[in-house]
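Following: one structure in structure tokens, then a few remarks.
Source: prediction; values computed, not measured. Quick note on labels: first sequence line is chain A, next is B, and so on, each numbered from 1.
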Amino acid sequence: MPELPEVEVTRRSFADRIQGSVVRSLHLGKPLRWPLGRAPDELVGCEVGAVLRRGKYLWLPLRRADPSGASGGDEGGLLIHLGMSGSLRFGADLGPRGPHDHMELVTSRGQLRLTDPRRFGAVLWGPSTTLGWPGKLLSGLGCEPTDERLDGRYLQARLKGRRTPIKQALMAGDIVVGAGNIYACEALFRARIDPRTPAGRLSLARCQRLVDEVRSVLAEAIELGGSSLKDFRDAHGAQGHFQLSTAVYGREGEACRVCLSPVKRVVLGQRATFFCGNCQKR
DNA sequence: AAGTGGACCTGCTAGC
DNA sequence: TGCTAGCAGGTCCACT
């Protein structure tokens, strides 16, 4: 479900409220994508720091209260990924846990609950040196869309020699993070680039246009509260509205909003891909 | 190295 | 109504 905008909207909806709270307990349901790591007992009593996002990952720093008053100490945290179907809620009383609630962090200010029916999500516990950034697990991730280093020249250099379709290169996350299936389709539509175009063949001008459109589509989606295709909610339970404005995603056969020709659907890298064959060129 | 395809797991929908 | 096949927003891994 969640691409970068949904993760960021989720983060913003609970980060301020949870920061400064103290962990009382952690409840785990069925196992998720990766094992949790060390025994979670040690995070009881920790104070929650500022929640950060990197790509589609959230990092919840947890610092052990130090009775001696000395600063420092080993800092750890929870690394959370929402997978395809995950969502987080934070509240003072979320009611009884359901069969798809696989993680709940009970704090002095409320419960942070991960609901994830498909269990492609992940919760990892570990020291910031291995899970936080700059950490090993996230080291393969590309630029944040807001990163100043990211421009047409950078993108073109990274795509050089790749024959894979540009859409797959965009979604791979090793060059730019955050554009999943919906936003990759939308950004390519806005940039008027056929998603099947071999990545290494894009001109500098088209790379620049693509960077600009990836940035703007993600920023707009965050502004609108994310996409609520099916069931996305932020940690307050509020829905997003971006899906009302998709130009191509999920619109096979419907009229292109620019030229009125029918939106096409193909499969690239086993993912449904939507585009306008008239507006988008190789 | 880069590309491809399968795997993970469950719920929903369209079609028979 | 009930069954089945196909589909879904993400990532990792093994293989060519």
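- For the pair A:Phe120 and B:dC8, the ring geometry qualifies as stacking, because the centroid separation is below 5.5 Å while the planes lie within an angle under 30°.
- Between the side chains of A:Arg53 and A:Tyr57, no donor-acceptor pair is found at a separation under 3.5 Å.
- At C:dG9, none of the side-chain N or O atoms of A:Tyr183 fall inside 4.0 Å of OP1 or OP2 (strictly under the cut-off).
- A:His102 has its NE2 atom 17 Å from the P atom of B:dC8, to the nearest Å.
- Within 4.0 Å of A:Arg118, counting heavy atoms only, lies at least one base atom of the nucleic acid.
- Rounded to whole angstrom, the span from the CG atom of A:Leu268 across to the C1' atom of C:dG9 amounts to 16 Å.
- A:Arg162 has its CZ atom 12 Å from the P atom of B:dT4, to the nearest Å.
- Salt bridge annotation for A:Glu186-A:Arg190: absent, with no cationic side-chain nitrogen under 4.0 angstrom from a carboxylate oxygen.
- The CZ-P distance, from A:Arg271 to B:dG5, rounds to 15 Å in whole Å.
- Checking B:dG15 for Watson-Crick or G-U wobble geometry (two distances, each under 3.5 Å) identifies C:dC3 as its partner.
- The side chain of A:His100 places no N or O atom within less than 4.0 Å of a non-bridging phosphate oxygen (OP1 or OP2) of B:dC9.
- Considering only side-chain N and O atoms, A:Arg33 lies nowhere under 4.0 angstrom from the phosphate OP1 or OP2 of B:dC8.
- Per the geometry, CE belonging to A:Met171 stands 11 Å off P belonging to C:dA8, to the nearest Å.
- In terms of polar N and O atoms assigned as donor or acceptor, the side chain of A:Glu6 never comes within less than 3.5 Å of the base of C:dG9 in a complementary pairing.
- Side-chain N/O atoms of A:Arg265 include one lying less than 4.0 angstrom from OP1 or OP2 on C:dA8.
- A side chain to side chain contact (heavy atoms under 4.5 Å, CB included) with A:Phe90 is found for one member of A:Thr10, A:Leu105, A:Asp234, A:Ile18 and no other, namely A:Ile18.
- Using a 4.0 Å heavy-atom criterion, one finds that A:Ala122 contacts no nucleic acid atom at all.
- If you check the side chains of A:Arg97 and A:His102, you find no donor sitting under 3.5 Å from an acceptor.
- Among the protein residues, A:Arg163 comes within range of the sugar-phosphate backbone only, with heavy atoms under 4.0 Å from sugar or phosphate atoms but none that close to a base.
- Put simply, CG on A:Leu124 is 14 Å from P on C:dT11, counting in whole angstrom units.
- Across all strands shown, nothing is found opposite C:dG9 as a Watson-Crick or G-U wobble partner with both distances under 3.5 Å.
- When the C1' atom of C:dG10 is taken as reference, atom CG of A:Leu4 falls 13 Å away, rounded to whole Å.
- Within the 4.0 Å cut-off from OP1 or OP2 of C:dT11, at least one side-chain nitrogen or oxygen of A:His81 is found.
- The side chain of A:Arg119 has B:dC9 as its nearest neighbour among B:dC9, B:dT4, C:dA8.
- Distance A:Lys56 NZ to C:dG9 P: 11 Å, rounded to the nearest Å.
- A distance of 5.5 Å separates CG in A:Leu210 from CD1 in A:Ile166, rounded to the nearest 0.5 Å.
- Summary of the strand contacts: A:Lys160 and A:Gln270 both lie near DNA chain B, and taking for each the nucleotide with the nearest heavy atom, the more 5' one is attributed to A:Lys160.
- Side-chain proximity of A:Tyr57 to the nucleotides B:dG11, B:dT4, C:dT11 is greatest for C:dT11.
- Taking a cutoff of 4.0 Å between a charged side-chain nitrogen and a carboxylate oxygen, A:Asp147 and A:Arg149 qualify as a salt bridge.
- Across the P atoms, B:dG6 and C:dG6 are found 14 Å apart, a figure rounded to whole Å.
- A:Lys30 has a side-chain polar atom (N or O) that falls below the 4.0 Å cut-off from OP1 or OP2 of B:dT10.
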